[in-house]
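Let me begin by presenting the structure, written as structure tokens, before commenting on it.
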Amino acid sequence: MLIPLVPATGAGRYAPSPTGDLHLGNLRTALLAWLFARSSDRAFLMRMEDLDDRVDPASAQRQLADLAALGIDWDGPVLYQSDRQETYWAELGKLRDAGLTFECFCTRREIHAAASAPHAPPGSYPGTCRDLTEQQRAERRATGRPPAVRLRTSATHCTVTDALHGRYTGVVDDFVLQRGDGTFAYNFVCVVDDLATGVDQVVRGDDLLSSAPRQAYLASLLGHEPPRYAHVPLVLGPSGKRLAKRDGAVTMREIDARPARIVGLLARSLGLSNKEESTPQDLLGGFDATLLPHEPWVFVPGPTP
Ligand code: GLU
């Protein structure tokens, strides 16, 4: 399996989930991730987060073709998470051997009911299965329900530094590393892959800001500095909800405009240019992350932009 060489200068990355064509919101995040990396002389890596059961393998190729058409280039081969099961098993094994994991037999409903207990930080796992005795575990195993594997944490919060949000403190709980069906969880594989590929700059949508403290905590448990983060604003549809298929023509193919016009539209939405047409390269010279908007952009699909 090909793993990109760990770049000496650090790396940024874009890590889409291939569950359909990229829409303008995804493309805007990809453009920003590229600009952050290239303007700081980092490598730029591409990773397909294709462990999810909603993955459509054909869409990975379409996403890559769309990114390339816009002029977003990347270094080395694309990393497919579905090729990395052995690595994830090995990393999980290391955490288990260090006493940092436990099996969890809870259903979602049980977690939800227990998590509303007054002492639990909102949105956190309440610790139900953390200290089961061997006998209790054996009883639960006997029900036939395969357990999830959770991280045994010794913190409740972690603070990260973000280029747009400053210092951000969020909950760290005993989060899931591997689901009961055997699928490795996003928070786990994201950290394992970022560390394995030398990623020290993570740029992604700000809907994932609350994942950063958990991921930074796991990175530090694995003996690494957490990356620099930039959680960038989302693109919303006319309803005020996150841009989605239901909003009409939102992908490059649906909008059917020249790539330079799409980049131009995205660049104007970010205050990076006032031209109709641009290339990512054009935007590089003046790129200043401190001037980026912090509010979402509302995109109203209409005639070709
Ligand atoms: N795969 C995630 C997404 O498409 C991004 C995860 C990340 O950048 O950490 O929203």
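Atoms within each ligand, like the ligands themselves, are counted from 1 in listed order. Numbers here are sequence positions counted from 1. The shown structure was predicted, so the numbers you read here are calculated from the model rather than taken from an experiment.
- Atom 3 (C) of ligand 1 has Ser17 OG, 3.8 Å as its closest protein atom, hydrogens excluded (heavy atom only).
- Shown in contact with Glu49 at under 4.0 Å from a heavy atom are these atoms of ligand 1, numbered in order with element: 1 (N), 2 (C), 5 (C), 6 (C).
- With respect to the salt-bridge test (charged N to carboxylate O, under 4.0 angstrom), the residues Arg108 and Glu110 do not qualify.
- Protein heavy atom in closest approach to atom 9 (O) of ligand 1: Tyr186 OH, 2.6 Å.
- Residue Arg204 approaches ligand 1 through these ligand atoms, each under 4.0 Å from one of its heavy atoms: 7 (C), 8 (O), 9 (O).
- Looking only at heavy atoms of the protein, atom 5 (C) of ligand 1 is closest to Ala15 O, 3.4 Å.
- Taking the ring centroids of Trp34 and Phe36, they lie at or beyond the 6.0 Å cut-off.
- Partner of Glu103 under the salt bridge (Lys or Arg N to Asp or Glu O under 4.0 Å) criterion, chosen from Arg141, Arg140, Arg150: Arg141.
- A salt bridge does not link Asp162 with Arg167: every distance from a Lys NZ or Arg NE/NH1/NH2 to an Asp or Glu carboxylate oxygen is 4.0 Å or more.
- For ligand 1 and Cys190, the ligand atoms under 4.0 Å from any heavy atom of the residue are 9 (O).
- Look at Asp131 and Arg152 and you find a salt bridge, because one of the NZ, NE, NH1 or NH2 atoms lies within 4.0 Å of a carboxylate O, short of that distance.
- Proximity to Arg13 (heavy-atom distance under 4.0 Å) selects the following atoms of ligand 1: 7 (C), 8 (O), 9 (O).
- For the 3.5 Å distance criterion, the side chains of Ser154 and Tyr217 qualify, holding a donor opposite an acceptor.
- Closest to atom 10 (O) of ligand 1 among all protein heavy atoms lies Leu208 CD1, 4.2 Å.
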